[in-house]
Number of protein chains: 2
Amino acid sequence: MGDTRTRLLEGALQTLRTQGIAGASARAVAAAAGVNQALVFYHFGTVDDLLTAALRYGSEQRVTVYRERFAAVTSLRELLDLGRSLHAEEREAGNLAVLAQMLAGSQMDGRLAPATAAGLGMWVAEVEEVLQRVLTGTPLAEFVDVAGLARATAAAFVGLELYEGVDEDGAKRAFDSLEQLAGLVAALDDMGPLVRRTVRARLRKANSTER
Amino acid sequence: MGDTRTRLLEGALQTLRTQGIAGASARAVAAAAGVNQALVFYHFGTVDDLLTAALRYGSEQRVTVYRERFAAVTSLRELLDLGRSLHAEEREAGNLAVLAQMLAGSQMDGRLAPATAAGLGMWVAEVEEVLQRVLTGTPLAEFVDVAGLARATAAAFVGLELYEGVDEDGAKRAFDSLEQLAGLVAALDDMGPLVRRTVRARLRKANSTER
DNA sequence: GTCTATAGTCGGATAGAC
DNA sequence: GTCTATCCGACTATAGAC
């Protein structure tokens, strides 16, 4: 079951998952960890410090689980498939929920913000690396900032996770539509050089006209 | 300044904005509203009931502000522009922040969920109506569930709002990349019939091959 | 409708025994 | 390192005066 420190970290993650940031008190975490309440302060000083340490701990664990699978992706379609499993599995494991709760808490409590940014950043780094690898040379990479897209993807995952908590059917439809959209974009990349040139020309014209 | 009931509703919104769901206590709201703490319970019964009423109240107000501007949109590019202003203005007014906090709270407290779903639903309804109007007859509408896309858009906005709270630069990049992506999709819709047919054929093939 | 006062619970954090 | 005991502030909610 691990030493006290680890049990507290895991208790914090579980508490964030089941009680949210509003219910993540030292007493609640200690109860979930099965340890004495005073040990929270002995090991971590403050509740905030425990929560931020727990987020780092949990994110590192979960990202590690996926690192190999991210590395194995060779196309946008495969990334799409991985995204689908990741959503399903993380919904169970709950790291996304933890991230969402910490994000909500970080808006007002600046002490949580750096660790939360780091936790989300681990996912962003993985997605960005894959996108760079998979999209280089495609029209998508030509006209869209790939690093920004990775950040948007991670943020959207969090938003959809929260949405799923209040409207499961709506969230399902949202996910499906995004897959269709990504499929459409993937199809663009598959197109022959003629169509591709046309798309490029159109985009250049639109981009120079707009804004 | 309005009657006590209204002041409490606005105090609740302000408290959610500045203190988050974790700090939205009867005392904090009453202080923000400038009224006695006991009046929360006299007028709304419980804190949860006050928060849900406030979300409905605030969302209705903010959506109303944008209704005409949504109605005036005639193209995907115009919708993009509106989305940009909406993000900037709502960041000030704070309805998105309120929504995000209520979503975070709704994950664990089921009593908040229906009102939160309704508050988000108001935005979804507006976006969906515009998308249906603007996209009908385009390749996008042909291959992507527009209602789902409206839900994904609203959820992504919430996620990006939360992300912006911990990494402003990253969020800016994310927004920019989404605009580029939407511009790319818009360019698709502008293309001539030849290219359009090609895209359709590619998509059909890809869709029947995949999954 | 609005106020004061208060019951009862839970919270962060610390002191000090073991 | 771990425990008990405790301080003290903040919380929800209610009772009752005005």
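A, B, ... follow the sequence lines: proteins, then strands. Residue 1 opens every chain. The shown structure was predicted, so the numbers you read here are calculated from the model rather than taken from an experiment.
Between B:R84 and B:D81 there is a salt bridge, since at least one side-chain N of the basic residue sits less than 4.0 Å from a carboxylate O of the acidic one. Salt bridge present: A:R151 and A:E128 bring a charged side-chain N and a carboxylate O closer than 4.0 Å.
Looking at heavy-atom distances under 4.0 Å, B:V47 makes contact with sugar-phosphate atoms alone, never a base. Among the atoms of the strands shown, base atoms are found under 4.0 Å from some heavy atom of A:A38.
Of the listed nucleotides (D:dA5, C:dT4, D:dC11), D:dC11 has the atom at the smallest distance from the side chain of B:S25. Closest contact between the side chain of B:Y42 and the listed nucleotides D:dT4, C:dG1, C:dG12 involves C:dG1. Between D:dT2, D:dC3, C:dT2, one nucleotide has an atom nearer to the side chain of B:L39 than all others, and that is C:dT2.
In the displayed structure, B:R67 atom CZ is contacted under 6.0 Å by more than 12 heavy atoms of other residues, nucleotides or ligands.
Of the possible polar contacts, one joining the B:Q101 side chain to the B:I21 backbone as a donor-acceptor pair under 3.5 Å is found.
The separation between B:Q19 atom CD and D:dA10 atom P is 12 Å, rounded to whole Å. One atom, CG of A:L50, and another, C1' of C:dG12, lie 13 Å apart when rounded to the nearest Å. In this structure, B:F41 places its CZ atom 14 Å from C1' of C:dT6, rounding to the nearest Å. Distance, A:F44 CZ to C:dT14 C1': 18 Å, rounded to whole Å. Rounded to an integer number of Å, the gap from NE2 of A:H43 to C1' of C:dA13 is 16 Å. Between the CG atom of B:N36 and the C1' atom of D:dA17 there is a distance of 13 Å, rounded to whole Å. C:dC3 atom P lies 11 Å from atom CG of B:L8, rounded to whole Å.
Side chain to side chain, B:T74 and B:E78 meet the donor-acceptor criterion of an N or O pair below 3.5 Å.
Side-chain N/O atoms of A:T46 include none lying less than 4.0 angstrom from OP1 or OP2 on C:dG12.
Both A:V35 and A:R27 lie close to DNA chain D; mapped to their nearest nucleotides by heavy-atom distance, the more 5′-ward contact belongs to A:V35. If you find the closest nucleotide of DNA chain C to B:T4 and to A:Q37, the one lying nearer the 5' end belongs to B:T4.
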